[in-house]
Amino acid sequence: MQGMWIRGGRPLRGVWRVSGAKNAALKMMAAALMATEKCVITDVPAINDVRTMMGVMRHLGADVQLHPNGRLDIVPPAVDAWEAPEHLVRQMRASVLVMGPVLAKTGRVRIALPGGCAIGPRPIDLHLRGLRLMGARIVEERGFVEAHAARLRGAEIQLDFPSVGATENLMMAATLATGTTVIRNAAREPEIIDLQTFLNSMGAKVVGAGTDTIRVVGVEGLRGARHAVMPDRIEAGTAMVAAAVTGGDIVVQNVIPEHLEAVTAKLREAGVEVAPAGPGGLRVRGSGRPRSFYVRTQPHPGFPTDMQPQFMALASVAEGSSIIKETVYTSRMKHADELRRMGADIVVDGSVAVVRGVERLTGAVVEAPDLRAGAALVPAGRAGDGEPVVEGPERSDRGYELFEEKLQAVGAEVRRMAEDTPVAGGRPLVSV
Ligand code: UD1
């Protein structure tokens with residue numbers, strides 16, 4: 001495992017420019033498989049999850065090139081391949097998003113079931129139930145799902161839970177089905193609106209994204225399109241908390257403030273100043289210790305689960321006791337152990353954490369249990385007195401573009417350590 005060494009004790013100040021949204025780009029890549037012509041997607045972050053999706057698409061026969069300026073060219077497969085590569089699907093759950101597009105375009109798909117992960121079990125039953133309602137014959141055996149449908153047909157689908165992935169998979173599949181599909185209790189995340197815009201520019205007929213009812217009128221084919229990915233609201237929120245947790249002052253650029261309302265409201269409740277800073281910018285200033293708060297994660301427009309670890313780090317240094325309730329992924333609390341090693345006072349009972357704020361965190365060697373938790377621990381380390389080392393920062397490379405460069409741009413002293421870096425007293429002797 002790699003390590004990230006951090007010098008604590010100083011506020012972060014400066015400008016943080018947010019990249020394009022991982023959770024929007026990955027879905028557009030899957031959607032582009034349905035086109036008959038080249039698609040160009042811009043503002044695509046150069047992160048490991050995008051590279052994994054590129055691998056899945058190449059395996060399916062697409063020609064995919066990511067340029068240094070974030071432009072992704074996708075030439076869809078000439079021959080209709082239909083088996084997604086098992087090792088890549090197991091690496092990244094979002095690969096399951098190729099299921100709807102490949103089935104809709106080729107009439108069949110075979111994909112490994114994505115495994116459980118550090119934040120708890122994540123089944124795909126809602127995706128499969130929706131596809132069955134659209135006429136797919138689906139067999140699940142020995143860890144694989146195989147689906148067939150000469151042509152999907154429009155259906156009325158009521159989701160038991162507003163799953164982001166199920167909403168997107170079904171919405172994409174429905175674009176090439178016969179007739180009209182209605183998805184009720186759909187997820188309302190902004191990334192779904194961005195996907196709708198992309199699909200419609202390919203010639204699809206989708207309305208309602210951003211509400212709980214999405215209607216798709218199937219079309220005969222989808223053409224090529226060009227689209228710029230929306231800014232990553234979770235990266236923006238992470239930068240905002242980095243300012244707050246260190247008592248710093250950061251201007252976060254390339255944001256859509258409406259996407260960040262739940263995060264902004266919670267930061268203000270904690271006494272952190274959040275103000276507009278020109279078009280597409282927010283200035284976040286923390287002064288002294290934040291006040292304690294109550295957070296309950298929910299589907300959008302509620303408080304995002306992907307910001308829960310960062311807010312647990314913030315609560316760790318707040319005045320008073322905070323309560324954090326996780327309702328989306330019941331076992332997404334592993335970062336509490338790591339924060340505790342840095343001196344935080346946290347009691348976890350099931351999906352509830354009670355965090356009694358301490359004055360300062362201290363240095364320790366801790367491990368980033370997952371992508372978002374890593375992004376919480378690094379700024380938290382900066383809030384403490386010591387020089388913590390966060391192991392496994394490569395997990396955050398899955399979702400954050402140029403993470404340490406962006407931290408350095410706001411004054412953080414952080415250094416990436418290779419797996420075999422000699423360490424003395426927690427300090428890296430060689431940096432990479
Ligand atoms: C997406 C995001 C992820 C975010 C999550 C919730 C991407 C690539 N990932 O994940 O960062 O944390 O939304 O905002 O966009 N569920 C089922 N059955 C299903 C599908 C989901 O029970 O068929 C459950 C899951 O186990 C989980 C909950 O629904 O408890 C939410 O999952 P979902 O909204 O589907 O998240 P993802 O699309 O996987």
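Along the sequence shown, residues are numbered consecutively beginning with 1. Both counts, for ligands and for their atoms, begin at 1 and track the order of listing.
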Apply side chain to side chain contact (heavy atoms under 4.5 Å, CB included) to Glu273 and list each qualifying residue two or more places apart in sequence or on a separate chain. Arg285
Atoms of ligand 1, numbered as shown, that sit under 4.0 Å from any heavy atom of Tyr329: 4 (C), 5 (C), 6 (C), 10 (O), 12 (O), 27 (C), 30 (O), 32 (O), 36 (O), 37 (P), 39 (O)
Salt bridge check, Arg283 against Asp249: does any charged N sit closer than 4.0 Å to a carboxylate O? yes
Are any of the N/O atoms on Lys22, whether in the backbone or the side chain, positioned under 3.5 angstrom from an N/O atom of ligand 1? no
Atom 1 (C) of ligand 1: of Asp160, Val164, Leu128, the nearest heavy atom sits on Val164
Between Arg90 and Glu86, is there a salt bridge with N-O shorter than 4.0 Å? yes
Contact check: Pro162 vs ligand 1, nitrogen or oxygen atoms, below 3.5 angstrom: no
Determine whether the side chains of Glu146 and His148 contain a donor N or O and an acceptor N or O closer than 3.5 Å. yes
Salt bridge or not for Lys27 and Asp194, using N-O below 4.0 Å? no
Any atoms of ligand 1 less than 4.0 Å from a non-hydrogen atom of Gly165? List them with their elements. 35 (O), 38 (O)
Answer yes or no: is there an ion pair linking Arg51 with Glu401, defined by an N-O contact shorter than 4.0 Å? no
Looking at ligand 1, does any of its N/O atoms fall within less than 3.5 Å of an N/O of Leu126? yes
Please verify whether a non-hydrogen atom of Pro304 lies at under 4.0 Å from ligand 1. no
Which atoms of ligand 1 are found less than 4.0 Å from any heavy atom of Asp306? 3 (C), 4 (C), 11 (O), 12 (O)
Looking only at distance, does Leu26 have an N or O less than 3.5 Å from an N or O of ligand 1? no
Test of understanding: given a 4.0 Å heavy-atom threshold, classify the contact between Glu168 and ligand 1 as side chain, backbone, both, or neither. neither
Taking 4.0 angstrom as the limit, do Asp306 and Arg332 come out as a salt bridge? yes
How does Leu97 reach ligand 1, by side chain, by backbone, by both or by neither, if only non-hydrogen atoms under 4.0 Å count? neither
Donor-acceptor side-chain pairing of Glu326 and Thr297 below 3.5 angstrom: yes
Using 4.0 Å as the upper bound for N to carboxylate O, is an ion pair formed by Arg416 and Glu404? yes
What atoms in ligand 1 come closer than 4.0 Å to a heavy atom of Arg93? 20 (C), 39 (O)
Judged by heavy atoms only, the candidate from Asn23, Leu159, Asn169 nearest atom 9 (N) of ligand 1 is Asn23
If the test is salt bridge (charged side-chain N to carboxylate O under 4.0 Å, His left out), which one of Asp43, Asp397, Asp49 qualifies with Lys22? Asp49
Proximity to ligand 1 by part of Asp125, non-hydrogen separation under 4.0 Å: both
My understanding is that only residues two or more places apart in sequence, or in another chain, count here; which of them pass side chain to side chain contact (heavy atoms under 4.5 Å, CB included) with Arg340? Ala336, Asp337, Ile346, Val348
Is there a nitrogen or oxygen of Lys27 sitting under 3.5 Å from a nitrogen or oxygen of ligand 1? yes
Ligand 1 and Thr305, any nitrogen or oxygen pair closer than 3.5 angstrom? no
Salt-bridge contact Glu37-Arg223 (side-chain N to carboxylate O under 4.0 Å): no
Is Ala166 in polar range of ligand 1, meaning some N or O pair under 3.5 Å apart? no
Distance under 4.0 Å to a non-hydrogen atom of Ile124: what atoms of ligand 1 satisfy this? 19 (C), 23 (O)
Does a side chain donor of either Glu191 or His300 reach within less than 3.5 Å of an acceptor in the other side chain? no
Per-atom filter on ligand 1: closer than 4.0 angstrom to a heavy atom of His127 are 23 (O)
Sub-3.5 Å N/O-N/O distance, Val328 and ligand 1: yes
Using a 4.0 Å cutoff against the non-hydrogen atoms of Phe161, which atoms of ligand 1 qualify? 28 (C), 29 (O), 31 (C)
